[in-house]
Amino acid sequence: MSDVQRTLVLVKPDGVARGHVGEVLRRIEAKGYTLVALELREADEALLAEHYAEHAGKPFVQPLIDFMRSGPVVAAVVEGQRVIEGFRSLAGTTDPTTAAPGTIRGDLARDWGRKVIENVVHGSDSPESAAREIALWFPAL
Ligand code: IDP
Ligand code: MG
């Protein structure tokens with residue numbers, strides 16, 4: 001059954017700083033997904049507080065926002081059949097130490113012992129999150 005979706009992907013500041021933008025985009029394209037929008041930008045506090053609204057009140061939310069403001073990010077809208085689930089699978093689990101080898105986080109991220117988990121990428125986790133996040137980052141779409 002056709003279920004063409006769009007998802008929001010971010011290459012986080014650690015991924016940009018460590019030169020992994022090309023590798024993340026390569027994996028998305030190699031999988032066969034389509035880039036719909038792509039932008040290098042610096043996210044402000046208000047955008048990030050909205051983006052991470054589901055984590056409001058958690059102890060790591062301010063360190064997370066500070067980390068996400070520590071440098072530019074690459075924001076992308078990616079399209080394809082079941083891409084929300086598919087990109088989460090490419091990304092791997094949240095904790096990079098145990099993320100499976102072969103995934104973006106498993107291959108490119110590690111635990112640096114900092115306040116926040118730096119794991120190279122973000123991907124929307126549901127159709128509702130994807131719609132909300134795409135509207136936030138790319139209001140023109
Ligand atoms: P996800 O990115 O795999 O969907 P979420 O639970 O939505 O993971 O958390 C958002 C981001 O917050 C993670 O990618 C990671 O950077 C950070 N994070 C999540 N849990 C923790 C934690 O327990 N300590 C520090 N940072 C965390
Ligand atoms: Mg999440």
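Read the numbers this way: they start at 1 and go in the same order the structure lists the ligands and their atoms. Bear in mind that the values here come from a model prediction, so they are computed numbers and not experimental data.
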Checklist outcome for this item: Here the gap from E79 atom CD to I134 atom CD1, rounded to the nearest 0.5 Å, amounts to 9.0 Å

Next on the checklist: Give me the residue, atom name and distance of the protein heavy atom closest to atom 2 (O) of ligand 1.
Outcome noted: R105 NH2, 3.0 Å

Item to check | For atom 9 (O) of ligand 1, the protein heavy atom that lies nearest, with its residue and separation | outcome: H55 NE2, 3.4 Å

Next on the checklist: Take a 6.0 Å sphere around CZ of R41 and say whether it holds more than 12 heavy atoms from other residues, nucleotides or ligands.
Outcome noted: yes

Next on the checklist: Counting non-hydrogen protein atoms only, what is the nearest one to atom 4 (O) of ligand 1? Give residue, atom name and distance.
Outcome noted: R88 NH1, 2.7 Å

Checklist entry - Hey, is T93 touching ligand 1 through its side chain, its backbone, both or neither, going by heavy atoms under 4.0 Å? => result neither

Checklist entry - Could you walk me through whether S124 and E133 pass the side-chain hydrogen bond (donor to acceptor under 3.5 Å, both in side chains) check? => result CA-CA 7 Å; S124 308; E133 293 171 3; 2.6 Å; yes

Checklist outcome for this item: re atom 12 (O) of ligand 1, the protein heavy-atom contact at minimum distance is L64 CD2, 3.4 Å

Checklist entry - Does R82 come within less than 4.0 Å of E85, counting only side-chain N to carboxylate O? => result yes

Checklist entry - Hey, mind stepping through I104 and F87 against side chain to side chain contact (heavy atoms under 4.5 Å, CB included) and telling me if it holds? => result CA-CA 10 Å; I104 293 167; F87 181 76; 3.9 Å; yes

Item to check | H51 and W137 aromatic ring geometry - parallel, tilted or perpendicular at 30°/60° bounds | outcome: perpendicular

Checklist entry - Atoms of ligand 1 less than 4.0 Å from N119 heavy atoms? => result 13 (C), 14 (O), 15 (C), 16 (O)

Next on the checklist: Salt bridge check, R69 against E45: does any charged N sit closer than 4.0 Å to a carboxylate O?
Outcome noted: yes

Next on the checklist: Any nitrogen or oxygen of I117 lying under 3.5 Å from a nitrogen or oxygen in ligand 1? Just yes or no.
Outcome noted: yes

Next on the checklist: Just to confirm my output: which protein heavy-atom neighbour is closest to atom 23 (O) of ligand 1, and how far is it?
Outcome noted: F60 CD2, 3.8 Å

Checklist entry - Of the protein's non-hydrogen atoms, which lies at the shortest distance from atom 3 (O) of ligand 1, and what is that distance? => result T94 OG1, 2.5 Å

Item to check | Structural part of K12 in contact with ligand 1, heavy atom criterion under 4.0 angstrom | outcome: side chain

